[in-house]
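Throughout, residue positions are numbered sequentially from 1 according to the sequence presented. What you are looking at is a predicted structure, and each value in this text was computed from that prediction instead of being measured.
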Amino acid sequence: DRDVTGVQTCALPISYFLTVADIGRSARFYETVFGGRILSGGDSQGAPAYIQLANLWLIVNVGGGPTPEKPSVTLSVPDPNKMSGFLNIRVADIQASYELWRSRGAEFITEPRDHYGEMLCYMRDPDGYIIEVGQSKPNFTYG
């Protein structure tokens with residue numbers, strides 16, 4: 001594979017990094033609620049946990065101060081009232097997913113509701129990250 005500049009790239013899964021308060025707690029949440037597969041559990045020496053969710057890998061690790069690679073950045077768990085991004089999980093049956101994940105301990109902010117061309121609801125993970133769950137309406141065309 002090559003990127004738009006012609007540089008050789010590798011076909012690895014897309015990963016998303018979450019700063020968490022407790023690596024084990026977060027790994028268990030994504031494993032229990034979504035059926036994720038913990039690929040690496042992390043450790044007390046600073047190694048993150050890797051969780052596979054379908055074709056996405058989540059990397060979860062505790063925060064910390066600036067490093068030589070990111071000298072002006074501090075990683076910390078989010079303010080639950082201010083977000084700049086969130087995970088979005090698409091499902092075939094939102095009501096069934098809502099009931100199943102709620103039975104596994106997920107705490108939803110909203111129940112599934114009608115919104116334009118989809119049904120959607122929102123939940124939070126143990127650190128307050130928002131996860132949108134959406135189901136597209138059949139035969140709906142955007143635009």
Side-chain angles (χ1 to χ4, degrees), residues 1-5 7-44 46-67 69-143:
D1 292 336
R2 297 191 180 276
D3 70 10
V4 294
T5 64
V7 173
Q8 183 69 36
T9 61
C10 53
L12 296 176
I14 297 295
S15 299
Y16 192 75
F17 183 96
L18 297 176
T19 303
V20 300
D22 182 315
I23 295 171
R25 178 186 70 175
S26 292
R28 284 187 303 278
F29 171 83
Y30 286 97
E31 177 185 43
T32 302
V33 173
F34 300 114
R37 191 172 117 216
I38 297 175
L39 304 173
S40 169
D43 63 32
S44 61
Y50 289 80
I51 304 105
Q52 182 179 4
L53 297 173
N55 60 348
L56 172 75
W57 284 15
L58 282 180
I59 304 169
V60 297
N61 206 357
V62 294
T67 65
E69 299 80 24
K70 46 181 184 39
S72 64
V73 177
T74 297
L75 296 176
S76 60
V77 296
D79 174 338
N81 297 312
K82 297 178 182 178
M83 294 285 163
S84 62
F86 52 87
L87 294 176
N88 183 308
I89 299 174
R90 307 305 293 178
V91 297
D93 185 336
I94 195 168
Q95 194 63 43
S97 297
Y98 172 81
E99 295 298 333
L100 175 64
W101 295 340
R102 199 168 65 144
S103 75
R104 293 177 175 173
E107 295 183 21
F108 283 83
I109 301 169
T110 59
E111 295 181 4
R113 65 178 188 84
D114 191 343
H115 179 76
Y116 191 51
E118 62 186 347
M119 297 293 294
L120 56 82
C121 59
Y122 290 87
M123 66 166 62
R124 288 191 187 272
D125 83 351
D127 290 286
Y129 287 100
I130 290 177
I131 301 167
E132 177 184 298
V133 181
Q135 175 187 340
S136 297
K137 291 180 182 175
N139 304 317
F140 184 86
T141 303
Y142 290 93

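Taking a 6.0 Å sphere around OH of Y98, one finds it holds more than 12 heavy atoms contributed by other residues, nucleotides or ligands. Crowding of E99 atom CD: a count of heavy atoms from other residues, nucleotides or ligands under 6.0 Å exceeding 12.
Rounding to the nearest 0.5 angstrom, the gap separating the CD1 atom in I38 from the OG1 atom in T32 is 7.5 Å. Of the inter-residue distances, the one linking I89 atom CD1 with L120 atom CG reads 13.0 Å to the nearest 0.5 angstrom. One finds the CD atom of E111 at 10.0 Å from the CE atom of M119 (value rounded to the nearest 0.5 Å). Annotation: the span from I59 atom CD1 to S26 atom OG amounts to 13.5 Å, rounded to 0.5 Å.
When every heavy atom of V33 is checked against every heavy atom of W101, the shortest pair comes out as O-CD1, 2.8 Å. Here the closest non-hydrogen pair linking I23 and N61 is CD1-OD1, 3.2 Å. Contact between E132 and R90 at its shortest, heavy atoms only, is OE2-NH1, 3.9 Å. Nearest heavy atom pair, residue R104 against residue G35, reads NH1-N, 4.0 Å. Residue F108 comes nearest to M123 through the heavy atom pair CZ-CE, 3.1 Å, listed as atom of the first residue, atom of the second, then distance. Of all non-hydrogen atoms in P126 and F29, the two that sit nearest each other are CD-CG, 3.4 Å.
Looking at heavy atoms from C-beta onward, E107 lies out of side-chain contact with R124 at the 4.5 angstrom threshold. Counting heavy atoms from C-beta on, the side chains of P66 and T74 come closer than 4.5 Å. Side-chain contact between L56 and L87: present, with at least one pair of heavy atoms (C-beta onward) separated by less than 4.5 Å. Within the 4.5 Å cutoff, the side chain of L18 has heavy atoms near those of the Y30 side chain. A 4.5 Å side-chain heavy-atom check between F17 and L75 finds at least one atom pair inside the cut-off. In this structure, R37 and I51 have side chains that are not in contact, with every pair of non-hydrogen atoms separated by 4.5 Å or more.
Between the T110 side chain and the Y122 main chain, a donor and an acceptor come within less than 3.5 Å of each other. Under the 3.5 Å distance criterion, the side-chain polar atoms of E118 are left unmatched by any main-chain donor or acceptor of G134. Checking side-chain atoms of D127 against main-chain N and O of P78 turns up no donor-acceptor pair under 3.5 Å.
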Problem set entry | Verdict with supporting geometry, F86 and D125, side-chain contact (heavy atoms from CB on, under 4.5 Å) | CA-CA 11 Å; F86 52 87; D125 83 351; over 6 Å; no
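A salt bridge is defined here as a Lys NZ or Arg NE, NH1 or NH2 lying under 4.0 Å from an Asp or Glu carboxylate O, and E31 with R28 fails to meet this definition.
The stretch residues 70-86 participates, sequence neighbours left out, in no salt bridge (Lys or Arg N to Asp or Glu O under 4.0 Å) pair at all.
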